[in-house]
Amino acid sequence: MPMTRPQRDVLRFAPSPNGWLHLGHAYSAIFAYETAKALGGRFLLRIEDIDTGRCRPEYEQGIYEDLAWLGLDWEEPVRRQSEHFADYEAALKRLRAMEVVYPCFATRKEIADAIAATGIGPKHWPSDPDGAPIYPGIYKDLPGPELNRLMWEGRSYAWRLDVEKALELAEKKAGGPISFHEEHGGPRGELGRIPIDPLLFGDVIIARKDVPTSYHLAVTVDDAIQGVTLVTRGQDLFPATHVHRLLQVLLDLPEPRYRHHPLVRDETGRRLSKSAKDMGLRELRSDGLTPADVRRLAGI
């Protein structure tokens with residue numbers, strides 16, 4: 001089905017408050033903001049704080065301060081994911097009703113042991129685009145009584161998407177193969193209509209017992225609820241679009257367009273990260289740099 005263009009495009013910048021923003025975040029925020037302005041569209045800020053254990057109020061406040069210092073403004077109120085778990089739980093219930101998700105009780109050690117038992121070895125076992133080993137399928141086809149026993153015992157579990165079953169159902173709903181529209185360019189220069197291949201991730205985690213969502217489910221639901229029509233983000237998230245587009249079809253959500261931009265890297269070619277405390281905007285600001293200096297450093 002062809003996409004219908006709205007009167008005004010809606011774009012968003014959606015950081016997680018689990019660390020201070022760095023130069024790469026500045027690039028991504030400015031990219032989304034200036035794209036929205038160029039299109040005469042709207043710019044939203046979303047706080048992706050479903051990881052309540054790592055997200056902290058001071059980091060969230062730092063996001064507002066850094067973006068304002070860069071000269072960006074956004075619509076209010078800001079959507080905070082931690083305030084909308086009911087939306088994600090409702091989507092999860094729909095996926096459960098379709099029987100395209102299942103509870104997985106496997107620990108990391110059990111997954112590693114299962115891979116080792118194949119004789120292939122972890123170095124040769126296939127990995128997803130994020131570098132994690134593809135789930136080997138243990139606990140996938142548990143009989144009902146065993147499944148009920150584990151749940152009754154209170155075992156921790158994650159809800160995994162049965163990707164093969166989900167893709168089959170989604171293609172049936174869509175009336176054929178599914179694709180997404182890339183306007184800027186993927187890591188290998190991908191442009192135009194891109195056929196989805198969610199099998200790249202295997203049976204990806206969609207939610208957990210204690211948190212009824214994951215990044216993949218939350219971002220897909222949020223983009224639909226907020227009316228986002230053009231998703232801009234780094235090329236490292238290009239592969240995730242395969243999963244997000246699959247979920248959009250399953251949940252009857254609208255299809256946005258995508259623009260994935262290059263990542264800001266250091267002099268060695270390594271992408272910047274919060275964990276390495278790379279080029280923190282707070283530090284750059286305290287060192288006397290200006291927003292114009294940040295744009296120059298980011299290559300904008």
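Bear in mind that the values here come from a model prediction, so they are computed numbers and not experimental data.
Scanning both residues, Thr232 and Ala32, for their nearest heavy atoms gives OG1-CB, 3.2 Å. Here the shortest heavy-atom pairing between Pro15 and Ile63 reads CG-CD1, 3.7 Å. Ala36 approaches Phe43 most closely through the heavy-atom pair CB-CB, 4.1 Å. For the pair Gly62 and Trp20, the tightest heavy-atom approach, listed with the atom from each and the gap, is CA-CZ3, 4.1 Å. Residues Leu250 and Ala166 come closest through the heavy atom pair CD2-O, 3.6 Å. Ala91 and Leu251 get closest at one heavy-atom pair: O-CD2, 3.8 Å.
Atom CG of Leu70 sits about 8.5 Å away from atom CD1 of Ile300, to the nearest 0.5 Å. To the nearest 0.5 Å, atom OG of residue Ser179 and atom CG of residue Asp197 are 13.0 Å apart. Here Tyr59 contributes atom OH and Ile47 contributes atom CD1; the two are 14.5 Å apart, rounded to the nearest 0.5 Å. Between atom OG of residue Ser286 and atom CG of residue Leu281 there is a gap of 10.5 Å, rounded to the nearest 0.5 Å. Separation of atoms CZ (Arg282) and CG (Asp287) is listed at 12.0 Å; rounding is to 0.5 Å. Within the model, atoms CD of Glu58 and CD of Gln61 stand 10.0 Å from one another, a figure rounded to the nearest 0.5 Å.
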**Report entry** Verdict with reasoning, Tyr33 to Asp73, per side chain to side chain donor-acceptor pair (under 3.5 Å)
**Finding:** CA-CA 8 Å; Tyr33 181 81; Asp73 57 83; 2.9 Å; yes
Requested in this report: Test ring pair (Phe, Tyr, Trp, His ring centres under 6.0 Å) on Tyr157 and Tyr102 and set out the steps.
Outcome: CA-CA 10 Å; Tyr157 61 87; Tyr102 60 91; over 10 Å; no
**Report entry** Intermediate values then yes/no, ring pair (Phe, Tyr, Trp, His ring centres under 6.0 Å), Phe31 and His184
**Finding:** CA-CA 12 Å; Phe31 185 92; His184 195 263; 5.3 Å; yes
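No more than 12 heavy atoms of other residues, nucleotides or ligands lie within 6.0 Å of CD in Glu164, so this atom counts as exposed by the packing criterion. The number of heavy atoms from other shown groups lying within 6.0 Å of NZ (Lys93) does not exceed 12. The 12-atom threshold is exceeded at CZ of Arg79, counting heavy atoms of other residues, nucleotides or ligands nearer than 6.0 Å. Taking a 6.0 Å sphere around CD of Glu99, one finds it holds 12 or fewer heavy atoms contributed by other residues, nucleotides or ligands.
Counting heavy atoms from C-beta on, the side chains of Ile206 and Arg160 never come closer than 4.5 Å. At least one side-chain heavy atom of Leu167 sits less than 4.5 Å from a side-chain heavy atom of Ile196. Side-chain contact between Phe85 and Ile50 is present, with heavy atoms from C-beta onward closer than 4.5 Å. Between Lys165 and Glu168 the shortest side-chain heavy-atom distance does not fall below 4.5 Å. At a threshold of 4.5 Å between non-hydrogen side-chain atoms, the residues Pro256 and Leu230 do not count as touching. Here the side chains of Pro177 and Pro195 are not in contact, with every heavy-atom distance at 4.5 Å or above. Inter-residue side-chain proximity for Arg12 and Trp74 is flagged as unmet; no heavy-atom pair is nearer than 4.5 Å. Trp69 is listed as a side-chain neighbour of Pro291, based on a closest heavy-atom distance under 4.5 Å.
Under the side-chain contact (heavy atoms from CB on, under 4.5 Å) criterion, Ile115 pairs with Ile111, Trp125, Pro133, Pro136, sequence neighbours left out. Under the side-chain hydrogen bond (donor to acceptor under 3.5 Å, both in side chains) criterion, Thr241 pairs with Arg233, His260, sequence neighbours left out.
Results of the ring-ring contact (aromatic ring centres under 6.0 Å, His included) test with His242 over Phe180, Tyr258, Phe201 single out Phe180 as the only residue that passes.
Here the side chain of Asn18 pairs no donor or acceptor atom with the backbone of Cys55 at under 3.5 angstrom.
Using a 4.0 Å cut-off between charged side-chain N and carboxylate O, Glu182 and Arg259 make no salt bridge. Of the charged side-chain nitrogens involved, none lies within less than 4.0 Å of a carboxylate oxygen, so that Lys37 and Glu34 do not count as a salt-bridged pair.
Between Tyr215 and His244, a ring centre-to-centre spacing shorter than 6.0 Å is recorded.
Residues in residues 203-220 take part in these salt bridge (charged side-chain N to carboxylate O under 4.0 Å, His left out) pairs, two or more places apart or across chains: Lys140-Asp203.
Using modelled atom types, one finds a donor on one side chain and an acceptor on the other under 3.5 Å when comparing Gln226 with Arg46.
Note on Val211: it clusters hydrophobically with Tyr88, by side-chain heavy-atom contacts below 4.5 Å among ILVMFWY residues. A single hydrophobic cluster is not seen to contain both Leu199 and Ile205; linkage of ILVMFWY side chains at heavy-atom distances under 4.5 Å, directly or through other members, places them apart.
Using cut-offs of 30° and 60° for the angle between ring planes, the His261 and Tyr27 rings count as tilted.
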